[in-house]
Chemist: 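Could you have a look at this structure, given as structure tokens, before my questions?
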Number of protein chains: 2
Amino acid sequence: MENMNIKKLAKELNLSVSTVSKALHDSYEIKAETKEKVLALAKQLNYQPNPFASSLRRNSSKTIAVVIPEIAHNFFSLVINGIESIAEELKYHVLIYITHEIPEKEEQIIRHLLNGRVDGILISSSGTSNNNAHYHELVQKGIPFVFFDRANFDVDAPRVTTDDYQAGFQATEHLIKSQCKHFAFLSLSNQMSAINHRKDGFLAALKQYQIEPSHVHIIEAGTDETLSFQIIRDFLQPLPVSLGIFSSVEKLAIQTYHICKEIDIMIPKQLKIISFSNLPTAALLNPALSTLTQPAFSIGKEAALLLFQSIKNKGKIQPITTLPNVVLKSTLFIRESTKM
Amino acid sequence: MENMNIKKLAKELNLSVSTVSKALHDSYEIKAETKEKVLALAKQLNYQPNPFASSLRRNSSKTIAVVIPEIAHNFFSLVINGIESIAEELKYHVLIYITHEIPEKEEQIIRHLLNGRVDGILISSSGTSNNNAHYHELVQKGIPFVFFDRANFDVDAPRVTTDDYQAGFQATEHLIKSQCKHFAFLSLSNQMSAINHRKDGFLAALKQYQIEPSHVHIIEAGTDETLSFQIIRDFLQPLPVSLGIFSSVEKLAIQTYHICKEIDIMIPKQLKIISFSNLPTAALLNPALSTLTQPAFSIGKEAALLLFQSIKNKGKIQPITTLPNVVLKSTLFIRESTKM
DNA sequence: ATGAAAGCGCTAACAT
DNA sequence: ATGTTAGCGCTTTCAT
């Protein structure tokens with residue numbers, strides 16, 4: 001009796017497979033007494049339905065995929081937590097795929113998932129806007145998907161993002177009010193929508209407060225670590241007076257922090273930094289950094305909820321013209337010591 | 001032509017399904033010319049084999065599960081990265097399950113996985129040693145699994161852990177050499193093997209350096225946050241002279257850090273802290289903390305490699321009496337400022 | 001080198 | 001209320 005299956009279970013009970021199957025699914029066709037008997041023996045013999053047989057038959061996998069650029073950012077860990085909390089409740093399984101920020105990798109993963117392994121996908125895009133054929137294939141195949149954090153705005157899919165414009169504006173306003181005179185925006189790339197929205201907020205705030213344009217610096221540090229160190233270092237020498245830096249990502253803020261140590265710039269006396277950060281620990285421990293924290297767990301939850309809604313609605317006529325687009329706000333943590 | 005399948009593909013090619021299947025699997029029975037034709041059309045029509053059909057038929061899922069207590073620790077994120085790097089290479093899929101440190105949850109997940117959904121499982125145990133029936137069921141079912149980080153030593157399964165004893169010894173030695181006179185060990189629970197090994201290392205170092213036993217303090221702070229804050233606060237008032245704290249987990253070190261701020265204890269002047277930490281950022285940013293960093297990525301990799309080896313060897317006669325037990329070392333980061 | 005056919009375990013439409 | 005049966009899409013044994 002190596003592996004239990006519904007056939008053996010049925011034989012043991014002197015019932016037909018279909019009766020057993022119905023009983024296990026609590027069908028109204030089966031009388032209570034039979035159900036009890038079936039459930040009891042199933043439990044006793046430790047019967048577990050084969051998930052692949054039922055997936056094959058029902059054409060549904062009870063599984064979703066999460067496709068993310070990196071997991072070793074606390075942000076994505078928290079998002080996965082949020083996703084898992086919903087999936088667990090709905091008895092769905094969660095597959096993780098990591099693209100390592102390589103667009104081709106993402107394409108490959110998404111293309112693979114066209115095979116029906118999952119009922120839906122949550123994506124934080126690693127791609128640039130010029131490549132979205134694979135998303136369209138998902139649409140064509142009828143596989144629901146939801147973007148979170150990094151959305152591709154050329155694709156008609158629900159999105160869950162943070163209000164990066166607002167956060168950028170708020171962060172910059174904070175620097176302005178802390179008596180900064182020069183303002184720098186540290187960017188990873190001008191291809192990432194979230195980062196660009198942060199920049200837009202940054203620029204809008206500076207404009208509203210009528211900051212002299214020559215005092216505004218946009219630093220494209222890029223993703224290569226050695227290079228970005230050099231670019232930031234070059235920018236800081238010579239140091240603009242009363243510089244306020246808004247770092248669009250934590251990594252660049254930390255690099256800046258190290259460079260300042262290296263070339264003896266005092267934070268926050270000579271230089272103020274405010275950065276996005278989803279490492280609560282870092283934010284709490286380091287007195288030199290004001291941070292913008294994204295509601296990562298909620299993003300995961302919201303995205304999962306939207307996805308499950310789409311999965312449920314699949315096939316139904318959907319008169320939705322405007323796709324759901326959830327925008328959540330970041331939280332600004334200001335440390336006292338950033339005041340000059 | 002909604003969904004491609006092997007039947008339609010075969011019809012299109014005027015071949016039988018079996019020939020097509022063999023061609024797709026590069027069987028030696030099929031001549032090169034035919035293979036090419038099949039592959040070409042498969043690509044053109046974007047044919048993707050149904051994973052559930054083949055899983056059902058082959059009784060293998062090309063999927064592994066990772067069961068962890070929490071994902072929002074950087075440690076586990078890094079481990080997953082390591083796991084994913086191997087799984088990706090071997091074209092395996094990775095399912096994530098989070099137990100939230102609830103042993104019953106872990107049991108439930110493991111029991112569910114007895115249904116064959118995965119070919120193997122990587123577990124960081126949330127359970128106490130008195131409950132391991134579910135692990136034995138895995139053994140019975142022949143589902144390979146590997147423990148990482150938190151192992152259950154009563155179960156005969158491969159383990160990948162860090163040398164916590166050695167790390168504990170090293171950390172404590174560092175405190176001793178920094179002229180500390182009193183020594184405290186901050187523990188979450190005395191039920192977790194890793195933490196206990198750290199404690200053993202701590203005690204062994206103190207013994208070797210002949211530290212007066214009355215100067216040794218074991219603080220069981222527990223997992224409840226409010227409670228642990230209170231327990232640590234109580235311990236620090238009044239403050240033992242030249243206290244060196246070895247925190248078995250980062251969370252308690254951070255709590256201690258905050259309490260010190262709150263009740264005006266100067267770190268590292270009045271109090272030194274050394275802690276396990278897998279948040280490189282925190283370690284880099286905070287000058288008050290010396291840290292022990294676990295080789296998380298390698299742990300994930302090693303664990304995955306062991307698992308895939310077990311999966312491969314399944315069914316074969318295995319004369320292994322001593323199970324593989326990989327022990328990796330943590331890295332000690334000492335910040336200058338912790339020297340008094 | 002290719003094909004026919006059985007069957008993995010389950011579900012559901014259709015009897016009875 | 002219960003049973004019979006076809007078939008989901010694939011792999012594989014056994015012909016040819």
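So that the names make sense, note that chain A is the first sequence line, chain B the second, and so on, each numbered from 1.
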Chemist: Among residues 25-32 of chain B, which contact DNA chain D at a heavy-atom distance under 4.0 Å?
Modeler: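 Here the set is B:His25.
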Chemist: With nearest nucleotides of DNA chain C determined for A:Asn50 and B:Ser16 from heavy-atom distances, which residue corresponds to the more 5′ nucleotide?
Modeler: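 This one resolves to B:Ser16.
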Chemist: Is there a donor and acceptor pair, one atom on the side chain of A:Lys8 and one on the base of C:dG9, closer than 3.5 Å?
Modeler: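 Answer no: no donor N or O sits under 3.5 Å from an acceptor.
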Chemist: Less than 4.5 Å apart, any side-chain heavy atom of B:Ile6 and any of B:Ser21?
Modeler: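 Counting from C-beta outward, B:Ile6 and B:Ser21 do come under 4.5 Å.
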Chemist: Do the side-chain N and O atoms of B:Lys8 and B:Asn3 include a donor-acceptor pair separated by under 3.5 angstrom?
Modeler: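 No.
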Chemist: Measure NZ/A:Lys7 against P/C:dC10 and give the value in whole Å, please.
Modeler: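 Distance, rounded to whole Å: 10 Å.
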Chemist: Atom CG of A:Asn59 to atom P of D:dG9: distance rounded to whole Å?
Modeler: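 Checked: the CG to P distance equals 7 Å.
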Chemist: Rounding to a whole Å, what distance do you find between A:Phe52:CZ and D:dC10:C1'?
Modeler: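 Taking atom C1' of D:dC10 as the reference, CZ of A:Phe52 is at 14 Å.
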Chemist: Determine whether any donor atom in the side chain of A:Ser18 lies under 3.5 Å from an acceptor atom in the base of D:dT4, or the reverse, and answer yes or no.
Modeler: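 By the distance-only test, yes, there is a pair.
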Chemist: From the list D:dT5, C:dC10, D:dC10, which nucleotide is the closest neighbour of the side chain of A:Ile6?
Modeler: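 The answer is C:dC10, which lies nearest to the side chain.
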Chemist: From the options C:dT2, D:dT2, D:dT12, select the nucleotide whose nearest atom is closest to the side chain of A:Lys22.
Modeler: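 Among C:dT2, D:dT2, D:dT12, the one nearest the side chain of A:Lys22 is D:dT2.
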Chemist: What residues, two or more places apart in sequence or in another chain, satisfy salt bridge (charged side-chain N to carboxylate O under 4.0 Å, His left out) together with A:Arg58?
Modeler: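 Partners of A:Arg58 by the salt bridge (charged side-chain N to carboxylate O under 4.0 Å, His left out) criterion come out as none, since no residue qualifies.
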Chemist: Looking only at side-chain atoms of B:Ala53, point me to the closest of D:dC10, C:dG9, D:dT13.
Modeler: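 Nearest to the side chain of B:Ala53 among the choices is D:dC10.
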Chemist: Residues of residues 33-49 of chain B with any non-hydrogen atom less than 4.0 angstrom from an atom of DNA chain D: list those, numerically ordered, please.
Modeler: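 Per residue number, the list reads B:Tyr47, B:Pro49.
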Chemist: Give the rounded distance in Å between these two atoms: CG of B:Leu24 and P of D:dC10.
Modeler: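 After rounding, the gap between these two atoms is 9 Å.
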Chemist: Give every donor-acceptor pair under 3.5 Å between a side-chain atom in residues 30-50 of chain B and any protein atom, sequence neighbours left out.
Modeler:
residue	atom	partner	partner atom	Å
B:Lys35	NZ	B:Asp26	OD1	3.0
B:Lys35	NZ	B:Ser27	O	3.0
B:Gln48	NE2	A:Arg111	O	2.6
B:Asn50	OD1	B:Phe52	N	2.7
B:Asn50	OD1	B:Ala53	N	3.1

Chemist: Measure CG/B:Leu9 against C1'/D:dC10 and give the value in whole Å, please.
Modeler: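 Going from CG in B:Leu9 over to C1' in D:dC10 covers 13 Å.
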Chemist: What contact category does B:Ser54 fall into here, base, sugar-phosphate, or nothing, at under 4.0 angstrom with non-hydrogen atoms?
Modeler: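 Counting heavy atoms under 4.0 Å across all strands, the contact made by B:Ser54 is with sugar-phosphate only.
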Chemist: For A:Arg117, which residues count as a salt bridge (charged side-chain N to carboxylate O under 4.0 Å, His left out) partner, sequence neighbours excluded?
Modeler: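 Partners of A:Arg117 by the salt bridge (charged side-chain N to carboxylate O under 4.0 Å, His left out) criterion come out as none, since no residue qualifies.
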Chemist: Strictly by ring-ring contact (aromatic ring centres under 6.0 Å, His included), give each pair with a member in residues 78-109 of chain B just once, sequence neighbours left out.
Modeler: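 Of all non-adjacent pairs touching residues 78-109 of chain B, those that pass ring-ring contact (aromatic ring centres under 6.0 Å, His included) are A:His93-B:Tyr97, A:Tyr97-B:His93, A:His112-B:His93, B:Tyr92-B:Phe308.
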Chemist: For a side-chain contact (heavy atoms from CB on, under 4.5 Å) with B:Asn132, tell me which candidate from B:Ile110, B:Asp154, B:Leu138 qualifies.
Modeler: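 Going through B:Ile110, B:Asp154, B:Leu138 one by one, the side-chain contact (heavy atoms from CB on, under 4.5 Å) with B:Asn132 is satisfied by B:Asp154 alone.
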Chemist: Of all heavy-atom pairs between A:Thr99 and A:Ser126, which one has the smallest distance, and what is that distance?
Modeler: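 Nearest heavy atoms, A:Thr99 then A:Ser126: OG1-OG, 2.6 Å.
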Chemist: Would you name the heavy atoms of B:Val327 and B:Thr162 that are closest together and state the gap between them?
Modeler: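 So the two residues come closest at CG1-C, 4.0 Å.
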Chemist: Quickly, which of B:Thr161, B:Val160, B:Leu305, B:Ile299 forms a side-chain contact (heavy atoms from CB on, under 4.5 Å) with B:Val326? Name it, please.
Modeler: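 Looking at B:Thr161, B:Val160, B:Leu305, B:Ile299, the match for B:Val326 under the side-chain contact (heavy atoms from CB on, under 4.5 Å) is B:Val160.
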Chemist: In this structure, how many angstroms lie between the C1' atom of C:dG7 and the CZ atom of B:Arg58, rounded?
Modeler: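 B:Arg58 atom CZ is separated from C:dG7 atom C1' by 16 Å.
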Chemist: Distance check needed: C:dG9 C1' versus B:Arg117 CZ, whole Å only.
Modeler: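 After rounding, the reported distance stands at 14 Å.
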Chemist: What's the closest nucleotide to the A:Thr19 side chain, out of C:dG3, D:dG9, D:dG3?
Modeler: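 Output: D:dG3.
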Chemist: Please report the distance, rounded to the nearest Å, between NZ in B:Lys11 and P in C:dG3.
Modeler: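 Distance check: B:Lys11 NZ to C:dG3 P gives 14 Å.
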